[in-house]
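Scroll down for the structure; my scribbles are underneath it.
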Protein chains: 2
Amino acid sequence: MEQVARRVTIADVAQRAGVSKTAVSFAFNKPDRLNVATASRILGIANELGYRPDPVARMLTQRRTGSIGILTPQDLSVIFTNPFFGSFSAGIAAVSEEHGYGLHFISPLHGSLSRAIHRATVDGVVAIGLTDDHPEIDEIRRAGLPMVLVDSATTGTLASVDIDDEGGARLAAAHVLELGHRTIMVLAIDGPRAAGIGEHGVVQRRMRGYRETLAEAGVELPEASIAVGPASIDGGSEAFDRLWDAGQRPTAVLAMSDAMAIGAIRAIHRKGRSVPGEISVVGFDDVDLAASTDPPLTTVHQPVRGKGEAAVRLLLSVMEGGQTEPVHRRLETRLVIRSSTGPVAAGIREVPADRPTSA
Amino acid sequence: MEQVARRVTIADVAQRAGVSKTAVSFAFNKPDRLNVATASRILGIANELGYRPDPVARMLTQRRTGSIGILTPQDLSVIFTNPFFGSFSAGIAAVSEEHGYGLHFISPLHGSLSRAIHRATVDGVVAIGLTDDHPEIDEIRRAGLPMVLVDSATTGTLASVDIDDEGGARLAAAHVLELGHRTIMVLAIDGPRAAGIGEHGVVQRRMRGYRETLAEAGVELPEASIAVGPASIDGGSEAFDRLWDAGQRPTAVLAMSDAMAIGAIRAIHRKGRSVPGEISVVGFDDVDLAASTDPPLTTVHQPVRGKGEAAVRLLLSVMEGGQTEPVHRRLETRLVIRSSTGPVAAGIREVPADRPTSA
DNA sequence: CCGGTTTGCTAAACCGGTTTTGTCAGCCCA
DNA sequence: TGGGCTGACAAAACCGGTTTAGCAAACCGG
């Protein structure tokens, strides 16, 4: 075994075969431009030497990397624990793979998203959960990198894929309303930046859906009954506990993600309460496992995987330069009623919305 | 807006600033080697022109990509639907991000893993579920790429991280045995290649654990009561259904992944049977959601996230050249008993193991 | 047998950076 | 006053490929 084992380069092969670098390159990429005997001799020697063209050098000359980036404003270590992201990634992966692209995840590098973006070697990016007012979006745009926005605030100039967040939230709120609930808690998703995700994000749209639907039924949603946390099981538990410990006693909780809903259910169980007997819970996303939770989760369905697929398809089309007007796709949501919601318990029904019950 | 907007290069900046490329490069990387006034003037112009060093060119000269690869022998679109993978990736991401590395997923490109490997621009790779006899391992080794194997057959020459698969499986089997079960079904994970995953993979180790523990109790595990399928919810459902439709009537099923276990529970419920009343189910992995399923899943816990973290730490150490003997780490497993398992129903207890019950 | 085309291959330029080496002016000190 | 240093920058080589331009020999029709 050699000690340092310097990578064998195209020049090594060329020299060993007694030909030029060009010939070696041709042997690999345009074999028809070479005498068939020469070509196979070169290939033989290359193989014998264990030569593999350096992908980086290749990228440089061809001006394409063969991979697409998934951009998230949050650390991957938190994002990956959300089952939603699994399905979404699966959708992205499915059509990327089909078209021969690899997947590169781009997340804040030591806190800086823009640093991460500039280090990333991708042909295009799908950005998830980035609001349009994020400064990094401009950086990408200036870098001329094809991009599509998912779940963000589509103010227009970039292609985007979204779902009907507000409509979905309305369905969720209407559902608990119909079951007689009047004391309602909302578990909102923590934005990438602690305070203020901007006015147009997913969170805002869903919140508006909840709030307006409740308002139309004369039910107020005081700030004190809204908690914010990361979109994970623990995040949901903690958010619920925070509100509970502050004296909130809702009969229904509307969670902005299934993970949070599941966390809330766990927290509720730990308090010795039952779902949906004492407290109803509705989620958002309808992840694969939502049908198998205890109890099976009533939730707003969105085509998570389809969203990933649509995003990549869109991205590919802008990468291929059909540089027409930016396309905006909006996918539908619907309510899936399972067993985590039920009618208000009789004794609680008449409690006014603004006074927490004490049992 | 410019039409073609050619990328602005270091030469453009140099020319515009009336300096050499070297100066521009220094301004970015070694500012102390320049007169402070010159440096800031260059930076100013660079910024004004919207110049960003091309990461690919940078990679080429520095011989490092700044990202690590996750190699899977299966398509990402299937891998990502396994909640196990989410936690595992989160672990990988956590320590990668901490050390400033990006994440690149490498999966079979149009069916060829080795093609994918050669296109990948990474400084090192953690390979999950690759058995040591996989030919691509040799390719990587020959390419001189640092690598650590996770959940594979560690025959030795590469660093590896594994768990005590056999021990975990023994715990699962012993548990159902103790509950009185004698008619047992196994749901095994489908390997990357349809037939024959080699003799040493995860599947084999777990199978051995099941089989030997049962054998020690005098219980046989006929081939007819083993089904193989992808490690997903649907995969579990289908595998169970296949066996059921073939007349198998187990009182307990041992699944090699939580996803499959959940799928099996779904299938069982669809047949109108109860878990654990009529059939007990034990999973493997203990994913985040296992505590929240209906019913909460009895399963073999493994430190999924910790496995990812350990893998990257190991990888970093071999990347940094501490080229000592390959390290092999083995993480522990333990049984977590929740509510998907229970004692055999009275009427069934005496049925011999090799004759399927009929109700 | 001659001009034009094709075949098979090479030299050199290029991709966009980094790094090594070199140049030149100013300064210090004997 | 001149030799050695140092500071500030430039020129050129280099990373490892691809691609363009070109050249010599073989071929080819008339």
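Protein chains get the first letters and strands the later ones, always in sequence-line order, with residue 1 at the start of each.
Counting only residues at least two apart or on different chains, the side chain to side chain donor-acceptor pair (under 3.5 Å) pairs with a member in residues 116-126 of chain B are Thr65(B)-Asp123(B), His118(B)-Glu139(B). For residues 33-50 of chain A, the set of pairs meeting the side chain to side chain donor-acceptor pair (under 3.5 Å) definition, not counting sequence neighbours, comprises Arg16(A)-Glu48(A). Among pairs with a residue in residues 59-81 of chain A, those fulfilling ring-ring contact (aromatic ring centres under 6.0 Å, His included) read Phe80(A)-Phe85(A), Phe80(A)-Phe105(A), at least two apart in sequence or across chains.
Nearest-nucleotide assignment on DNA chain D puts the 5′-proximal partner with Thr38(B), out of Thr38(B) and Arg63(B).
Going from atom CG of Leu60(A) over to atom C1' of dC14(C) covers 9 Å, rounded to whole Å. What separates CD1 of Ile42(A) from P of dT10(C) is a distance of 8 Å, to the nearest Å. Between Arg64(B) atom CZ and dT18(C) atom C1' there is a gap of 15 Å when expressed in whole angstrom units.
Every residue two or more places apart in sequence or in another chain that forms a side chain to side chain donor-acceptor pair (under 3.5 Å) with Arg64(B) is listed here: Tyr101(B). Residues forming a side chain to side chain contact (heavy atoms under 4.5 Å, CB included) with Val95(A) (at least two apart in sequence, or on another chain): Glu98(A), His99(A), Glu309(A), Val312(A), Arg313(A), Leu316(A). Listed by chain and number, the residues in a ring pair (Phe, Tyr, Trp, His ring centres under 6.0 Å) with Tyr51(A) are Phe28(A) (sequence neighbours excluded). Legend: residues meeting side chain to side chain donor-acceptor pair (under 3.5 Å) with Asp54(B), ordered by chain and number and at least two apart, are absent.
Among the protein residues, Leu34(A) comes within range of the sugar-phosphate backbone only, with heavy atoms under 4.0 Å from sugar or phosphate atoms but none that close to a base. Nucleic acid contact for Val56(B): none, since no nucleic acid atom lies under 4.0 Å from a heavy atom of the residue.
Side-chain contact between Ile79(B) and Ile128(B) is absent, with no heavy-atom pair separated by less than 4.5 Å.
Comparing the local axis fitted to the first five base pairs of the helix from dC1(C)-dG30(D) to dA30(C)-dT1(D) with the one fitted to its last five gives a bend of 50°, rounded to 10°.
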Q. Base, backbone or nothing for each nucleotide of nucleotides 17-22 of chain D, written B, S, -, heavy atoms under 4.0 angstrom, 5' to 3'?
A. BBBB--
